Amino acid sequence: MHVHRPVSAPRRILVRLPNWLGDALMARPLLHGMRRAHPGAEVRAVGPAALLGLLFPERTFDGASAWPARQAPGSRRPRAEERERVVSEMRAWRPDAALVLPFSFSSAWFARRTGATIRVGYAHELRSPLLTHALRRPARGEQHLSREYFALGGPIGVGPLPSADPLPPLIPPPEAEAAAAGLIARAVPDAARLAVMAPRSAYGPAREWPVDRFAALARRLVGRGLAVIVCGTAAERETCRRIAAEAGPGVASLAGETDLPTLAALVRRATVAVCNDSGLAHLAGAVGAATVTLYGSTSSAWTAALGPRVRVLQHPPVCSPCFRRTCRIGYRCLTGLGLDEVDGACREAGA
Ligand code: SF4
């Protein structure tokens with residue numbers, strides 16, 4: 001580890017955000033802590049455009065530059081030029097400090113190329129020489145990922161993490177509220193109370209509760225007077241539609257029809273959100289919705305969604321957490337989560 005003096009008053013702070021929705025939401029304690037510690041500093045965030053758009057209204061950062069995905073859709077050519085433009089923009093801005101939240105070599109290399117005087121990240125993938133503060137990364141699951149991110153602020157005087165949860169709820173912008181209201185009115189016109197489901201996970205089947213149980217749960221919720229909206233990405237549309245079709249009237253899929261702020265506004269209106277360990281679970285938790293999160297192969301101690309009303313259901317077998325995307329022994333961690341148990345958690349949330 002390279003040892004440098006903590007920088008107590010950086011004026012320009014660059015934050016390279018994580019690339020995944022859940023991870024970016026777990027960076028919120030750090031972003032808020034940075035604002036508290038350095039109210040006069042100018043903070044700029046770099047990350048995927050959709051995540052910047054979701055987080056920008058909180059004003060934990062003053063400016064944002066979208067970091068393009070590695071490849072343009074349908075193209076095999078890296079978006080090298082766009083990335084170079086972001087690097088030049090940041091270098092011209094002359095950051096005093098760069099906090100690198102992703103664990104990749106390339107993100108540390110990006111920070112190095114911006115010329116930031118202080119560059120903080122975890123030691124990983126031989127990237128320590130690129131960082132001025134290469135922190136030792138705790139073993140996976142030893143502490144919550146939000147705490148891992150928060151610790152990256154230490155070298156610039158952020159912290160300690162307050163013991164009481166100081167995180168304000170994520171508030172979607174008014175236009176997202178209007179869009180969500182329009183979608184709900186179209187999908188489930190007579191809904192007095194709403195439940196939201198997120199039955200997929202980008203990570204893979206080892207984080208996905210069985211589809212037929214989601215459909216059965218949706219039927220029970222409809223039986224108690226709720227309408228159910230099944231959410232997901234465009235790639236997850238088929239599963240979401242299948243659940244809606246199996247569950248019957250009162251259940252509709254809006255997979256692929258929402259951007260993140262609209263999804264945040266939609267889930268904020270829900271009496272309960274039932275989610276796999278996925279980005280939507282984190283989003284539901286962040287807006288303060290009652291969130292029932294179903295855990296499979298991963299560690300809830302490490303990555304449970306943050307939020308005042310998040311409930312984790314997990315029955316870890318001895319093989320858990322394996323962090324695998326698929327399972328060779330029958331997904332016992334997921335099949336062990338019974339319909340009655342999940343439904344019971346929904347009832348306790350008022351659904
Ligand atoms: S090996 Fe165990 S923890 Fe991993 S997916 Fe299979 S049942 Fe779940």
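The structure presented is a predicted model; accordingly, all values stated were derived computationally and were not measured. Side chains are part of it too, since the values below use all heavy atoms of this structure and drop only hydrogens, waters and symmetry mates. As the structure lists them, so they are numbered: ligands from 1, and atoms in each ligand from 1.
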Chemist: Does a side-chain heavy-atom distance below 4.5 Å link M34 with I13?
Modeler: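 They are in contact (side-chain heavy atoms under 4.5 Å apart), so the answer is yes.
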Chemist: Under a plain distance cut-off of 3.5 Å, with no hydrogens placed, do S297 and R325 share a side-chain donor-acceptor pair?
Modeler: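 No, no side-chain donor-acceptor pair sits under 3.5 Å.
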Chemist: Keeping to distances under 2.8 Å, can you name the protein N/O/S atoms close to atom 4 (Fe) of ligand 1?
Modeler: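 Short answer, with waters excluded from the count: C322 SG.
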Chemist: Any donor-acceptor pair under 3.5 Å linking the side-chain atoms of Q143 with those of W302?
Modeler: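 No - no donor-acceptor pair under 3.5 Å links their side chains.
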Chemist: Any side-chain heavy atom of R16 within less than 4.5 Å of one from R119?
Modeler: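 Answer no - side chains too far apart.
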Chemist: Please assess H32 against E58 for the test side-chain contact (heavy atoms from CB on, under 4.5 Å), listing each intermediate value before the final yes or no.
Modeler: CA-CA 9 Å; H32 283 274; E58 286 206 288; 3.1 Å; yes
Chemist: Check ring pair (Phe, Tyr, Trp, His ring centres under 6.0 Å) between F56 and all other residues, then give those that pass, not counting sequence neighbours.
Modeler: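 Only F61 meet the ring pair (Phe, Tyr, Trp, His ring centres under 6.0 Å) criterion with F56.
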